[in-house]
Amino acid sequence: MIRAAGLVRRYPGFELAVDKIELPPGRFVTVIGPSGAGKSTLLRLLAGLEPPDDGGVEVRGRAVFLDQDRTVLERSVLANAAFGLQLRGVHRKEAARRVKPWLERVGLAGKLNQPAQSLSGGERARLALVRALATEPDVLLLDEPAQALDPANVALVEDILREVHSRGRTLVLVTHNLYQARRLGEETWFLLGGRLVEAGASEQLFTDPQREQTRAYVAGEMVY
Ligand code: ADP
């Protein structure tokens, strides 16, 4: 469950202000909006990575945040994937045993011992997803996990996210891909200029938006 009230975060020239968020457990939310709307800032606040200037966030369960950086450690692919589990006290061998099926699933089984830094951008993205999923968090906060992936890998990532959701996890996914936001989301939030302009059932938000700004954005008419 995620709850937030009176949430404010200010940077020079920008203010994110969201009155209220109430997300029951197991919900799949997609977050859309133009660059600079505040999507990543909102995820960081929900992840507790930075404190709000006002208001508060409550997240029940363990949350994992997957940022856009896809930073990898100077270690093998396998060691990178297993790192989160080892941090949580899982023995190295057991952690490796648990992450191998995930690495196989995302097509990295042939690269287990390769330095993670030698991976391509798309491979790093898949490794980052495995690292986030391996510890089986209750809540996944994902910032463009399928960005710059080829279509087959986008489909693969979407399948994995659906599966994780079907196991009762809560997902909040930021994406610029409106088709993806509609395909995956049960609920969609549209952010613009630091404000939550519209939030509602995904299918309705895309087919019958209640606000003119939402309509223009999902129709691809909004000019920035
Ligand atoms: P989005 O994810 O929707 O593209 P962001 O949340 O990344 O938007 O950014 C929203 C605004 O906040 C942008 O104008 C960005 O420059 C600004 N911003 C984000 N993080 C910082 C920061 N750490 N310091 C200063 N400004 C920031």
Side-chain angles (χ1 to χ4, degrees), residues 26-37 39-40 42-43 64-72 76-78 80-81 84 99-112 114-134 136-137 139-167 169-192 201-207 209 214-224:
R27 191 63 62 88
F28 198 146
V29 181
T30 51
V31 185
I32 58 168
S35 292
K39 304 181 297 299
S40 301
L42 179 60
L43 274 198
V64 161
F65 174 59
L66 177 58
D67 68 18
Q68 281 185 29
D69 287 352
R70 295 155 183 186
T71 313
V72 291
S76 69
V77 168
L78 182 59
N80 267 273
V99 297
K100 275 182 186 165
W102 281 115
L103 290 167
E104 214 161 279
R105 179 93 189 267
V106 302
L108 293 175
K111 305 197 178 221
L112 297 184
Q114 196 169 310
Q117 279 161 328
S118 68
L119 296 180
S120 71
E123 289 168 338
R124 278 185 191 215
R126 285 178 274 148
L127 174 59
L129 183 64
V130 168
R131 207 163 46 183
L133 295 174
E136 306 212 351
V139 178
L140 276 150
L141 305 164
L142 306 163
D143 204 347
E144 293 273 11
Q147 190 184 36
L149 292 183
D150 58 69
N153 277 308
V154 170
L156 177 72
V157 166
E158 290 188 4
D159 274 353
I160 291 173
L161 297 181
R162 276 197 202 95
E163 188 182 315
V164 168
H165 176 233
S166 74
R167 285 196 246 134
R169 305 296 198 266
T170 305
L171 292 101
V172 182
L173 168 82
V174 167
T175 180
H176 277 118
N177 180 336
L178 298 183
Y179 299 103
Q180 182 175 68
R182 185 171 171 180
R183 270 197 301 270
L184 293 177
E186 294 173 297
E187 186 176 321
T188 296
W189 301 343
F190 172 49
L191 273 179
L192 181 67
S202 302
E203 205 45 38
Q204 160 148 23
L205 188 132
F206 284 98
T207 55
T214 314
R215 191 205 59 74
Y217 184 70
V218 303
E221 289 168 15
M222 199 173 270
V223 179
Y224 320 109

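FYI, the numbering just counts along the sequence from 1.
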How long is the span from the [atom1] atom in [X] to the [atom2] atom in [Y], to the nearest 0.5 Å?
X      : Y      : atom1 : atom2 : value
Leu141 : Ser40  : CG    : OG    : 11.5 Å
Leu112 : Asn80  : CG    : CG    : 12.0 Å
Leu171 : Arg162 : CG    : CZ    : 11.5 Å
Arg169 : Glu136 : CZ    : CD    : 5.5 Å
Leu119 : Leu108 : CG    : CG    : 6.5 Å
Asp67  : Glu144 : CG    : CD    : 12.0 Å

Handout entry: Thr188/Phe206 under side-chain contact (heavy atoms from CB on, under 4.5 Å): CA gap, chis, key distance, verdict
Key = CA-CA 9 Å; Thr188 296; Phe206 284 98; 3.8 Å; yes

Taking every non-hydrogen atom, the tightest pair across [X] and [Y]:
X      : Y      : value
Ala146 : Val154 : O-CG2, 3.9 Å
Ala81  : Ala134 : O-CB, 4.1 Å
Thr170 : Gly26  : OG1-N, 2.8 Å
Phe190 : Pro34  : CE1-CD, 4.0 Å

Practice task
Kindly say whether Val172 contributes a backbone atom to a donor-acceptor pair with the side chain of Arg27 at under 3.5 angstrom?
Solution key: no

Problem - Side-chain (Ser202) to main-chain (Glu187) donor-acceptor, under 3.5 angstrom - result: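 Yes; judged by distance alone, with no hydrogens or angles, the pair exists.
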
Handout entry: Residue pair Leu161, Leu129: steps toward the side-chain contact (heavy atoms from CB on, under 4.5 Å) verdict
Key = CA-CA 10 Å; Leu161 297 181; Leu129 183 64; 4.2 Å; yes

Handout entry: Salt-bridge criterion met for Arg167 and Glu163 (N-O under 4.0 Å)
Key =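 So Arg167 pairs with Glu163 through a salt bridge.
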
Handout entry: Leu133 and Trp102, any side-chain heavy atoms less than 4.5 Å apart
Key =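 When only atoms from C-beta onward are counted, Leu133 and Trp102 do touch, with a gap below 4.5 Å.
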
Problem - Side chains of Leu78 and Val99 in contact at under 4.5 Å (non-hydrogen atoms) - result: yes

Problem - Candidate pair Asp159 and Arg105, rule side-chain contact (heavy atoms from CB on, under 4.5 Å), full reasoning - result: CA-CA 11 Å; Asp159 274 353; Arg105 179 93 189 267; 4.2 Å; yes

Handout entry: Candidate pair His176 and Ile32, rule side-chain contact (heavy atoms from CB on, under 4.5 Å), full reasoning
Key = CA-CA 6 Å; His176 277 118; Ile32 58 168; over 6 Å; no

Exercise for the section: For the pair Phe28 and His165, name the ring-plane relationship: parallel under 30°, tilted 30 to 60°, perpendicular over 60°. Expected result: perpendicular

Handout entry: Option passing side chain to side chain donor-acceptor pair (under 3.5 Å) with Thr175 (candidates Arg182, Gln180, Lys39)
Key = Gln180

